[in-house]
Amino acid sequence: MSEEKSLNFIEEIIETDLKEGRYEQIATRFPPEPNGYLHIGHASSICLNFGLTQTFPGYTNLRFDDTNPETEETEYVDSIKEDIQWLGFQWKNEFYASDYFEQLFGFACQLIEKGLAYVDDSTSDEIRAMKGTPTQPGSNSPYRDRSIAENLDLFKRMRQGEFPDGAKVLRAKIDMAHTNMIMRDPVLYRIKHAHHHRTGDAWCIYPMYDFAHGQSDSIEHITHSICTMEFIPHRELYDWCISNLEIFPSHQYEFARRSLSYTVTSKRKLLQLVNEHIVEGWDDPRMPTISGMRRRGYTAESIREFCDRIGIAKRDNVVDVSMLEFCVREHLNRIAQRRMAVIDPVKLIITNYEEGKEEILHAENNPEDEQGGHRDLPFSRELWIEREDFMEEPPKKFFRLGPGLTVRLKHAYIIQCHDFKKDEDGKVTEIYCTYNPETKSGEDHSGIKVKGTMHWVSCAHAKTAEVRLYDRLFKVENPASEEGDFKSYINEDSLHIVKQAYVEPALMNTSAGDKFQFLRLGYFTTDRLSTPEHPIFNRTVGLKDSWAKETKKEQA
RNA sequence: UGCCUCAUGGUGUAAAGGUAGCACAUCAGGUUUUGGUCCUGCUAGUCUUGGUUCGAAUCCAGGUGGGGUAACCA
């Protein structure tokens, strides 16, 4: 615990600000636009913003950046709030940029009165044309020199709804030759006769991001307004507005958004996957959304740990998914109860075990947790085992079943295979073994050592469950940087549904979100659609599999 | 092309002019009634060229490469 954790560059800035007395406490905010579900990239920002005010004195607001009524919906507001809380964070205030519409309107009037904003009748095409290019200065709008009185009158009439969409905009009067394109008389307000999810039809003019965000920060006395790198050019305008309005000086700091290999994290692309039914909704377990990951079985703790490990910096990055998978496994290994399930079953018959006999075994729930307790596990003559655990002609290092081979059945006996049966297609249908009654788990004094231990489910006691196996959604590491449509890189085998898996009785009557390790198969969670009559388990992540690695090496 | 920004093993991230470290991944081994967990060890890095300095990943200058930016989106 004596280890001093190094600070990221934002924490360093804050520490300096605090030390030098610029602030006594800080305020941050998480500012989502309610036009999509939160994803793993947002989780990073959430952990940053809320984490900052856990390590330093201060608080964090949740503020919805809802200035574009055409794309925003209450459904998104609700999901965003749920996801943040599920991740384990609580905001101090729940605010909306739309709360400030009246105040923002007032700010705009102030700029007009200072001669720093004007109403422009140009079309968007004309404005774009007059913008110039990075190397060529733009040109002034013919409406740029309207009088203050006329601008004020026009702007108020815009608000009254006298003009149709697109007829006029309010622009800042800065410099059409500015090297920063953002500063070439940016649009501040536009006319949109659209229904807003919160203000209804009260407004028909809406502020642009650049006029809403900074002022909202200022109104809330946000000290450190943290956003991603693409907003760097906007900082100059952010500061310009605050300084000319002479309001609380919030400051903007930028970090590089985190990206994850084999996934996309762009709301536009995620929306597309949902709308085109490539996935089954925002919370499809293959989605990198918080809700998708939650349904997949990720824990909030593991996502927080992940965000902590990948850190915050300003350079471009693609974090390897294996880092994320490591974090879930690490947590789930500690908390998930062990169960047995067979996904691809083949029958095993213990020929020297009395027919009709059954034993109730005492199986530990979690070897990592001494307080984890035990469960009853029925054993009998006929068992289901995993088809891949038997090989007719096993290679040397195959520590499972094959003619003559010996293995332990987890929590039960050591068995030896002496025969098997195949159908006319050559498919193994039954495997015959004998068991050694002296080798019962916990009472084994035989001294026999075996290399392999296998999972199984008693046929007579097995329950049927649906198991959903997920794989990465994309075939390439960075779909966003690949040529052409990102959808052409989708992995069409990202979901494999097993309708009839056999599970031990202790797996009945679980609740949505319960987490288990199916021995040797991976971590699974009960899906929200699961019912006692039709249980469904989602595979969160497989176990590390050094045997699979070995066989892959052989093939190469 | 202007402006902005970034550059440390395969990946992510530290080192505030003084021994380049940590984690993931990889590889090799040990323990194990999960080929899991755990433990041990290996491999592998400062974009380039100059300068300042006793000493540079760090400071300066030039180059190269990546990313952002020219929506009535955020």
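What you see below is based on every heavy atom in this structure, not just the backbone, and it leaves out hydrogens, waters and symmetry mates. Residue numbers start from 1 in every chain, and the chains themselves are labelled A, B, ... in the order their sequence lines are given, proteins ahead of strands.
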Base, sugar-phosphate, or nothing for [X], non-hydrogen atoms under 4.0 angstrom?
{"X": "Asp316(A)", "answer": "base"}
{"X": "Tyr206(A)", "answer": "nothing"}
{"X": "Ser122(A)", "answer": "base"}
{"X": "Val169(A)", "answer": "base"}
{"X": "Ser124(A)", "answer": "base"}

Can you check the [X] [atom1] to [N] [atom2] distance for me, whole Å?
{"X": "Asp320(A)", "N": "rC24(B)", "atom1": "CG", "atom2": "P", "value": "13 Å"}
{"X": "Glu33(A)", "N": "rC73(B)", "atom1": "CD", "atom2": "P", "value": "10 Å"}
{"X": "His213(A)", "N": "rC73(B)", "atom1": "NE2", "atom2": "C1'", "value": "14 Å"}
{"X": "Asp165(A)", "N": "rA71(B)", "atom1": "CG", "atom2": "P", "value": "20 Å"}
{"X": "Leu324(A)", "N": "rA23(B)", "atom1": "CG", "atom2": "P", "value": "19 Å"}
{"X": "Glu236(A)", "N": "rU5(B)", "atom1": "CD", "atom2": "C1'", "value": "14 Å"}
{"X": "Phe306(A)", "N": "rU13(B)", "atom1": "CZ", "atom2": "C1'", "value": "12 Å"}
{"X": "Arg309(A)", "N": "rA14(B)", "atom1": "CZ", "atom2": "P", "value": "15 Å"}

So does [X] get a side-chain nitrogen or oxygen closer than 4.0 Å to the phosphate oxygens (OP1/OP2) of [N]?
{"X": "Arg190(A)", "N": "rA74(B)", "result": "yes"}
{"X": "Arg268(A)", "N": "rA74(B)", "result": "no"}
{"X": "Lys549(A)", "N": "rU26(B)", "result": "yes"}
{"X": "Thr67(A)", "N": "rA74(B)", "result": "yes"}
{"X": "Arg184(A)", "N": "rA70(B)", "result": "no"}
{"X": "Lys314(A)", "N": "rA7(B)", "result": "no"}
{"X": "Arg315(A)", "N": "rU8(B)", "result": "yes"}

- Name the orientation class of the two ring planes belonging to His42(A) and Phe30(A) (parallel below 30°, tilted from 30 to 60°, perpendicular beyond 60°). perpendicular
- Message: Which label fits His196(A) and Phe101(A): parallel for a plane angle under 30°, tilted from 30 to 60°, or perpendicular past 60°?
- Response: perpendicular
- Message: Counting primed atoms plus P, OP1 and OP2 as sugar-phosphate and everything else as base, spell out the protein contacts along nucleotides 31-38 of chain B at 4.0 Å heavy-atom distance: B, S or - for each nucleotide, 5' to 3'.
- Response: --BBBBS-
- Tell whether His234(A) reaches the base of rA74(B) with its side chain through a donor-acceptor pair below 3.5 angstrom. yes
From [atom1] ([X]) to [atom2] ([Y]), nearest 0.5 Å:
{"X": "Leu521(A)", "Y": "Ile343(A)", "atom1": "CG", "atom2": "CD1", "answer": "4.5 Å"}
{"X": "Phe211(A)", "Y": "Tyr189(A)", "atom1": "CZ", "atom2": "OH", "answer": "6.0 Å"}
{"X": "Lys410(A)", "Y": "His455(A)", "atom1": "NZ", "atom2": "NE2", "answer": "12.5 Å"}
{"X": "Glu33(A)", "Y": "Lys267(A)", "atom1": "CD", "atom2": "NZ", "answer": "5.5 Å"}
{"X": "Glu162(A)", "Y": "Cys204(A)", "atom1": "CD", "atom2": "SG", "answer": "9.5 Å"}

Side chain of [X] - closest among [options]:
{"X": "Ile182(A)", "options": "rU69(B), rU26(B), rU13(B)", "answer": "rU69(B)"}
{"X": "Ile232(A)", "options": "rC4(B), rA25(B), rC73(B)", "answer": "rC4(B)"}
{"X": "Met181(A)", "options": "rA70(B), rC73(B), rU13(B)", "answer": "rA70(B)"}
{"X": "Pro233(A)", "options": "rA70(B), rU69(B), rG12(B)", "answer": "rU69(B)"}
{"X": "Glu230(A)", "options": "rG66(B), rU11(B), rU69(B)", "answer": "rU69(B)"}

- Message: For a stem of at least 3 consecutive Watson-Crick or G-U pairs with distances under 3.5 Å, i pairing with j, i+1 with j-1 and so on, which stems involve RNA chain B?
- Response: B:2-7 with B:64-69, B:10-13 with B:21-24, B:27-30 with B:38-41, B:47-51 with B:59-63
- Taking C-beta and beyond as the side chain, do Leu260(A) and His39(A) meet within less than 4.5 Å on heavy atoms? no
If you draw the axis of the six-membered ring of [Y], does the NZ or CZ of [X] fall within 45° of it and under 6.0 Å from the ring centre?
{"X": "Lys168(A)", "Y": "Phe163(A)", "result": "yes"}
{"X": "Arg29(A)", "Y": "Phe95(A)", "result": "no"}
{"X": "Arg472(A)", "Y": "Tyr262(A)", "result": "yes"}

[N] versus [M] - spacing of their [atom1] atoms, nearest Å:
{"N": "rC6(B)", "M": "rA61(B)", "atom1": "P", "result": "14 Å"}
{"N": "rA15(B)", "M": "rA20(B)", "atom1": "P", "result": "16 Å"}
{"N": "rC59(B)", "M": "rU8(B)", "atom1": "P", "result": "14 Å"}
{"N": "rA70(B)", "M": "rG62(B)", "atom1": "P", "result": "27 Å"}
{"N": "rA23(B)", "M": "rA44(B)", "atom1": "C1'", "result": "15 Å"}
{"N": "rU1(B)", "M": "rA57(B)", "atom1": "C1'", "result": "32 Å"}
{"N": "rU37(B)", "M": "rU43(B)", "atom1": "C1'", "result": "24 Å"}
{"N": "rG55(B)", "M": "rC22(B)", "atom1": "C1'", "result": "25 Å"}

- Checking ring-ring contact (aromatic ring centres under 6.0 Å, His included) against Phe231(A), which of Tyr253(A), Tyr238(A), Tyr209(A) comes through? Tyr209(A)
